[in-house]
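Input: a single structure, listed below in structure tokens.
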Amino acid sequence: MEHLSDRIKSLSVSQTLAMAQKSRELKAKGIDIISLSLGEPDFNTPDYIKEAAKKAIDDNYSKYPPVPGYNDLREAISKKFKEENGINYAPEQIVVSAGGKHSLINVILSLVNPGEEVVLLAPYWVSYYDQILLAGGKPVVIETTLDNDFKVLPEQLEVVVSRKTRLLIFNSPSNPTGMVYTREEMEEIANVIRKHEGLFVISDEIYEHIIFKGEHVSMASFDYINDQVITVNGVSKGYAMTGWRIGYIGAPLWLAKAVDKLQGQFTSGVCSIAQRAALAAIKSDDGSRQKMRDAFLRRRDIVCKLLKEIRGMKVKVPQGAFYVMPDISHFLGKSDGEVKIRTSDDLALYLLDKAQVAVVGGDAFGAPDCIRISYATSDELLIEAIKRIRGALEKLR
Ligand code: PMP
Ligand code: GLU
């Protein structure tokens, strides 16, 4: 331990992955855990994508691929950006990486100098915070409230952005809140960004296909800030391909080249077979994306209805992704006679122990009054899980 670098010592364990691991271990011991901790679709990868991967093996896609991704994949992504998102990224402005997470760290490492500030909007996805620390950056957190749909106001942004601010990380639909910004709300944010030369925005759009109300708007589609925006996306969520590990960015050319250089020293081009599968995913549509979205919508309604019936729980109905982030502050400071609940992490552990349901405490998301529930599992398990949660919470006084 003492020999570890300061860099790694300053890093926290990913709480989403830690909770998922904990529930796997308990399940392996025969304990009947329902895991609502990990954000991943419970569906299998659609068949047409799996077929493309099998074919890629037979076609001997077994050599090192180009560092930023196969040309035809980058062309397909460029076309997707244009047709689905109304943004222009030439294939050279696209870099394919090992998942959206890898795309994010590539961009952060390429842009942020030690000591520079990166603005996060809480509740934020866990890994943003630690990736900033890894780059030596300084996270500056803006709090949002449940009453304002967990959305940032442009004036809040104005207050914190200074010459030291290098980057803002923006995510709609949001993990962990499920909130989706409207075009008008995004335009107000874009108007703040345009005023600050040298400020960049990562727009993490990985949940763009899982949206229940309104439309998905890409930050880079406001063309007056397009050279300040890096669009991050990937196939994990929309195509049920979390294990394939393919993410990508569209970025200003100079930045795409820097990310290419970085990746060339870290990973080289990412898994050839997974890239061929991602190409099939992006190029065609067999309707499974829509079916999965419809299932998530149905589950959202089930979960939110049941959660709202729990006394003390405050729920904002999410409009996208597959998470809900209820406010559980009513239960903080309470006890079941055995365990005292001081923090949202305590509550998550209490639910794991007493209800055998895994959720993630809000602390790691910068939301200490909340817990995150991922509802990407079957209707039956969701109903049973919320029943158990309710039972355990009713014991707290
Ligand atoms: N961004 C957000 C907001 C996410 O929830 C995830 C899921 N882990 C990612 C990026 C990264 O996804 P992946 O690395 O699986 O492509
Ligand atoms: N995005 C998912 C989550 O938030 C997957 C886990 C992770 O990569 O952190 O649960």
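Counting starts at 1 for both ligands and their atoms, following the listed order.
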State if [X] counts as touching ligand 1 under the rule of any non-hydrogen atom under 4.0 Å.
| X | value |
| --- | --- |
| Lys237 | yes |
| Thr242 | no |
| Ser236 | yes |
| Arg245 | yes |

4.0 Å heavy-atom contact, Phe365 with ligand 2: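 In this structure, Phe365 fails to qualify as a contact of ligand 2 - no heavy atom is under 4.0 Å.
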With a cutoff of 4.0 Å, is Lys101 in contact with ligand 2, counting heavy atoms of the residue only?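 Yes; Lys101 lies near enough to ligand 2 that a heavy-atom distance drops under 4.0 Å.
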Please classify the [X] to ligand 2 contact at 4.0 Å (heavy-atom distances, strictly less than): side chain, backbone, both or neither.
| X | value |
| --- | --- |
| Arg372 | side chain |
| Leu38 | both |
| Lys237 | side chain |
| Tyr207 | side chain |
| Val360 | neither |

Per [atom], closest listed option by heavy atom ([options]):
| atom | options | result |
| --- | --- | --- |
| atom 12 (O) of ligand 1 | Ile206, Ile202, Asn175 | Ile206 |
| atom 8 (N) of ligand 1 | Tyr248, Trp125, Tyr323 | Trp125 |
| atom 10 (O) of ligand 2 | Ala364, Pro176, Gly39 | Gly39 |

Between Leu168 and Val160, is there shared hydrophobic-cluster membership here, with clusters defined by ILVMFWY side-chain heavy atoms closer than 4.5 Å?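 As far as the 4.5 Å side-chain criterion goes, Val160 and Leu168 are connected within one cluster.
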Salt bridge or not for [X] and [Y], using N-O below 4.0 Å?
| X | Y | result |
| --- | --- | --- |
| Arg194 | Asp227 | no |
| Lys79 | Asp72 | no |
| Lys305 | Glu309 | yes |
| Glu338 | Lys395 | no |
| Glu187 | Arg183 | no |
| Arg289 | Glu84 | yes |
| Lys387 | Glu384 | yes |

Reported CZ-to-CZ distance for the pair Phe322 and Arg293, which is rounded to 0.5 angstrom: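 The CZ atom of Phe322 sits 14.0 Å away from the CZ atom of Arg293.
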Any nitrogen or oxygen of [X], side chain or backbone, less than 3.5 Å from one on ligand 1?
| X | result |
| --- | --- |
| Tyr207 | yes |
| Gly100 | yes |
| Tyr128 | no |

Kindly assign one of parallel, tilted or perpendicular to the pair Phe170 and Tyr181, based on the angle between their ring planes and the thresholds 30° and 60°.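 Ring orientation of Phe170 relative to Tyr181: tilted.
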Would you please classify the geometry between the Tyr323 ring and the Tyr207 ring as parallel, tilted or perpendicular, with 30° and 60° separating the classes?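 Tyr207 and Tyr323: perpendicular rings.
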Give the residue and atom name of whichever protein heavy atom lies nearest to [atom], and the separation in Å to one decimal.
| atom | answer |
| --- | --- |
| atom 9 (O) of ligand 2 | Thr16 OG1, 2.6 Å |
| atom 11 (C) of ligand 1 | Lys101 N, 3.5 Å |
| atom 3 (C) of ligand 1 | Asp204 OD2, 3.3 Å |

N or O pair under 3.5 Å between Leu17 and ligand 2: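 No.
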So is Trp125 polar-close to ligand 2, meaning N/O to N/O under 3.5 Å?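 Among all N and O atoms of Trp125, at least one is under 3.5 Å from an N or O of ligand 2.
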For Gly99, the ligand 1 atoms whose distance to one of its heavy atoms is below 4.0 Å: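 So the atoms of ligand 1 that pass are 14 (O), 16 (O).
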State whether the number of non-hydrogen atoms from other residues, nucleotides or ligands found under 6.0 Å of Lys9 atom NZ is greater than 12.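 Result for NZ/Lys9: enclosed.
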Is the Tyr239 to His209 ring centre distance short of 6.0 Å?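 Judged by ring-centre distance (under 6.0 Å), Tyr239 and His209 do meet the cut-off.
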Ligand-side contact atoms (ligand 2) for residue partner Tyr323, heavy atom cut-off under 4.0 Å: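 Within the 4.0 Å cut-off of Tyr323, ligand 2 contributes 1 (N), 2 (C), 3 (C), 4 (O).
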Do any N or O atoms from the side chain of Gln263 and from the backbone of Ala258 form a donor-acceptor pair under 3.5 angstrom?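 Not a single qualifying donor-acceptor pair exists.
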